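The model shown is predicted, which means the values in this text are computed figures rather than measured ones. Reminder, nothing fancy here: chain letters follow the sequence lines and each chain counts from 1.
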2 protein chains.
Amino acid sequence: MGEDGPTIVTIAERAGVSIASVSRVLNGQSARPETTERVLAAADALGYVPNAVARSLKSRRTNHIAFAMADIGNPVYLAMVREIQQVLRAAGYRLVLHSTDADVDDELEVLRGLGQRYVDGLILCPLRVTSGHLAELTRAPVPVVVIGSVPDGQPVDSVRADSRTGVSLAVRHLYEQGRRRIGFVNGPVDTVPGAARDAGFRAALAEVGLAYEESRVEIGDFYVEGGARAADRLLARADVDALLCANDLMAVGALRTLREHGRDVPADVAVVGMDDTDLATTTWPPLTSVGLGSAERGRRAAELLIDRITGATARAGSPRQILVRPRLAVRGSSR
Amino acid sequence: MGEDGPTIVTIAERAGVSIASVSRVLNGQSARPETTERVLAAADALGYVPNAVARSLKSRRTNHIAFAMADIGNPVYLAMVREIQQVLRAAGYRLVLHSTDADVDDELEVLRGLGQRYVDGLILCPLRVTSGHLAELTRAPVPVVVIGSVPDGQPVDSVRADSRTGVSLAVRHLYEQGRRRIGFVNGPVDTVPGAARDAGFRAALAEVGLAYEESRVEIGDFYVEGGARAADRLLARADVDALLCANDLMAVGALRTLREHGRDVPADVAVVGMDDTDLATTTWPPLTSVGLGSAERGRRAAELLIDRITGATARAGSPRQILVRPRLAVRGSSR
DNA sequence: CGGCAATCTGAAAACGTTTACACAACGACG
DNA sequence: CGTCGTTGTGTAAACGTTTTCAGATTGCCG
């Protein structure tokens, strides 16, 4: 029971060499063949596994990277996690997951925790960016990549979705389908995505020459139920022939509400979601959706971060901003 | 730039005390008021944050726990992750995520990696349990909790779903709805869930007095597309009035196939899924599904693990097995 | 005011690695 | 045969904590 796992010292004793030699052999540095052999034999016999913590203490690298987002239940974050995890694994990093329940304090807590040095870097996908965030970001002791918008001039890498163009794609598509009374179920406008989509919607309407009607806009909460209720409120007071939803979850809710109201999709009302998650292909009719490249954003963020940690660009180098292009996937709900 | 973060030494110098005193004060041990005050003042002024790695090396606890599963894209694992993350956070642990893509070697790799001591414990949710797993499990240097079945007598805590009763619930329900020609879209039977469901299906049919018909059983891959194709093959050769699917993803695929075949759900064919994930409420018609308590399994596993790590039961104590009860959620797809 | 117990403190040793440095051994070369 | 690189090795010092132990300080009582 009390076997406390072999250490480099155990091996050294058994092989009759110094711990330095053991370390060197195990790290593939040159040594006399005989030494190499004896060390490897001893290590093998003892079933030695190097202690990651001790190694980290010395090397100042943990090979862990954190990802913090609001809620892993949201398919968007999920797509990011999957992709991030892939990239990290390929690069020999492990993923530490923080689900903050959209609590700003929790997010800040994670940022401050960086000082503990339990990770080599952080990918942060905040719902809102407060001044608190910015303050912590500038003093972060390890590289951080933000998925989302940060004000210009902040010394931090970021990967953004182009919500604005995304919304524009959707509105144009609906317009081309002959829809003129386009309703909009957005999320809270005090969140980064909500604000971006709101601005995008206004701009897109202007592009195609439609007027912005207060009564055709309703606010949900980015979740299914909230979307369903928002759609319900909207239908009660406005006559729309299309419904653009700020994410797929709310679009799913809207589809349900429309069905309950006996409105046919897409004949009576076309529905378009955003994020183009897996959900879009499981609904009926399948949901037209604007993909904002969640997976790609995750991947790019991870790559950016790894490059910062161990790359040519390392710690120096000016902050980089990546903009991921949206892509419209037209399905049954709008044609 | 080169500021290398204050350590306990920096504080000691500034406060004019020894590092031992600093450590004690910061850990809330008794000290003379003046010492306490000076240390705290210095720590505060320097913005000191303790180094988690160094602390871990000394204390032999990392406060990290790993969760390894096949694919976080699967809603079942997702539900587990959410719950696990909750429990861990409340207990002051961080979650390290391993998505193994159902690759047995990757799983074993994770198990072996435990020797590196970068986590205090592991929750493992394997698709299959090989002898390799068992070997590694018995020699694991930190506590491991398995979500899924492990052979009796293995010295490892486990939390299982009661697939068998779950399948039985579904079959009885369909029988009560007057269905007599029940088809079954299972996953591969060489996986733990696949095997359990297969056994459950045979037993359940016997319970209600129906015959097991080879032709009404088809194998998918636990994913949407595979489920769709499996349903397609099944419909081509058998006349069924109900379709039980071994998970919700395949049920979603089956719903699509049925629609393509012009079969009404539930009038022509009733459909029942398993796992009762969020998906079940987004389909049309909403999917009847047998919940196998993914969330609960995650929670119980996390609790069990934490208890092993720091609990009354600690390292000693015989292995515990928890069986989570299934629960049928009847929705539109079967009534 | 001396002695004793109780309290607080600092020096030093751990935790398990990596690595700078110095030294030994070695063949090669003049 | 002495000197010189070259190569391999061992000692010891880090990395940033916690913790043991012994010594210093304090307060209290006789």
Side-chain angles (χ1 to χ4, degrees), chain A residues 2-40 42-43 46-64 113-120 141-142, chain B residues 2-40 42-43 46-64 113-120 141-142:
Chain A
E3 322 245 338
D4 223 17
T7 76
I8 219 179
V9 178
T10 330
I11 297 182
E13 285 167 357
R14 190 179 230 262
V17 299
S18 75
I19 62 167
S21 291
V22 175
S23 177
R24 279 187 289 254
V25 168
L26 294 177
N27 290 318
Q29 307 199 19
S30 70
R32 208 174 37 168
E34 195 202 318
T35 310
T36 306
E37 194 183 345
R38 290 171 60 185
V39 168
L40 290 180
L46 292 166
Y48 171 77
V49 181
N51 182 307
V53 177
R55 205 197 281 262
S56 292
L57 179 57
K58 184 66 187 164
S59 67
R60 295 154 156 277
R61 314 250 333 294
T62 63
N63 291 312
H64 285 211
L114 257 27
Q116 298 176 247
R117 302 308 194 101
Y118 65 98
V119 289
D120 297 338
V142 296
Chain B
E3 321 245 342
D4 224 17
T7 75
I8 221 179
V9 178
T10 329
I11 297 182
E13 286 166 357
R14 191 179 229 263
V17 299
S18 73
I19 61 167
S21 292
V22 174
S23 176
R24 279 187 289 254
V25 168
L26 294 178
N27 291 317
Q29 307 200 20
S30 72
R32 207 173 38 165
E34 196 202 318
T35 310
T36 306
E37 194 182 348
R38 290 170 61 184
V39 168
L40 290 180
L46 292 166
Y48 170 77
V49 181
N51 182 307
V53 177
R55 204 197 282 260
S56 291
L57 177 57
K58 186 65 186 161
S59 67
R60 295 153 155 276
R61 314 255 327 299
T62 63
N63 291 312
H64 285 211
L114 257 28
Q116 299 176 247
R117 300 310 193 100
Y118 66 97
V119 288
D120 297 339
V142 297

Taking distance alone, no hydrogens or angles, what donor-acceptor pairs closer than 3.5 Å link side-chain atoms of residues 29-36 of chain B to residues at least two apart or in another chain?
residue, atom, partner, partner atom, Å
Glu34(B), OE2, Arg38(B), NH1, 3.1
Thr36(B), OG1, Arg32(B), O, 3.1

Would you list the atom pairs, donor with acceptor, under 3.5 Å between side chains in residues 5-13 of chain A and any protein atom, with sequence neighbours excluded?
residue, atom, partner, partner atom, Å
Thr7(A), OG1, Val9(A), N, 2.9
Thr10(A), OG1, Thr7(A), N, 2.8
Thr10(A), OG1, Thr7(A), O, 3.2

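Mapping Thr36(A) and Lys58(A) onto DNA chain D by nearest heavy atom places Thr36(A) closer to the 5' end of the strand. Positionally, the nearest nucleotide of DNA chain C for Ala31(B) lies more toward the 5' end than for the other of Ala31(B) and Ser59(B). Checking Arg32(B) against Leu57(B), the closest nucleotide of DNA chain D that is more toward the 5' end is the one next to Leu57(B).
Boundaries of the chain B contact region on DNA chain C are dC8(C) to dG16(C), first to last in 5' to 3' order (nucleotide atom under 4.0 Å from a heavy atom).
Annotation: proximity of residues 18-30 of chain B to DNA chain D (heavy atom, distance under 4.0 Å) is found for Ile19(B), Ala20(B), Ser23(B), Arg24(B), Asn27(B), numbered in ascending order. Listed by residue number, Val17(B) are the residues of residues 8-17 of chain B with a heavy-atom contact under 4.0 Å to DNA chain C.
Rounding to the nearest 0.5 Å gives a distance of 6.0 Å between CZ of Arg24(B) and OG of Ser18(B). With rounding to the nearest 0.5 Å, the separation of CG in Asp120(A) from OG in Ser56(A) is 7.5 Å.
Each end of the helix from dC1(C)-dG30(D) to dG30(C)-dC1(D) gets its own axis from five base pairs, and the two axes differ in direction by 70°, given to 10 degrees.
The nearest pair of heavy atoms linking Ala52(B) to Tyr118(A) is CB-CB, 4.1 Å. Smallest separation of non-hydrogen atoms from Arg117(A) and Thr62(A): O-CG2, 3.4 Å. Closest approach of Val49(B) and Gly115(A) over heavy atoms only: CG1-C, 3.6 Å.
Looking only at side-chain heavy atoms (C-beta outward), Tyr48(B) and Val22(B) stay at 4.5 Å or farther from each other.
Relative orientation of the His64(A) and His64(B) rings is tilted, given thresholds of 30° and 60° on the angle between their planes.
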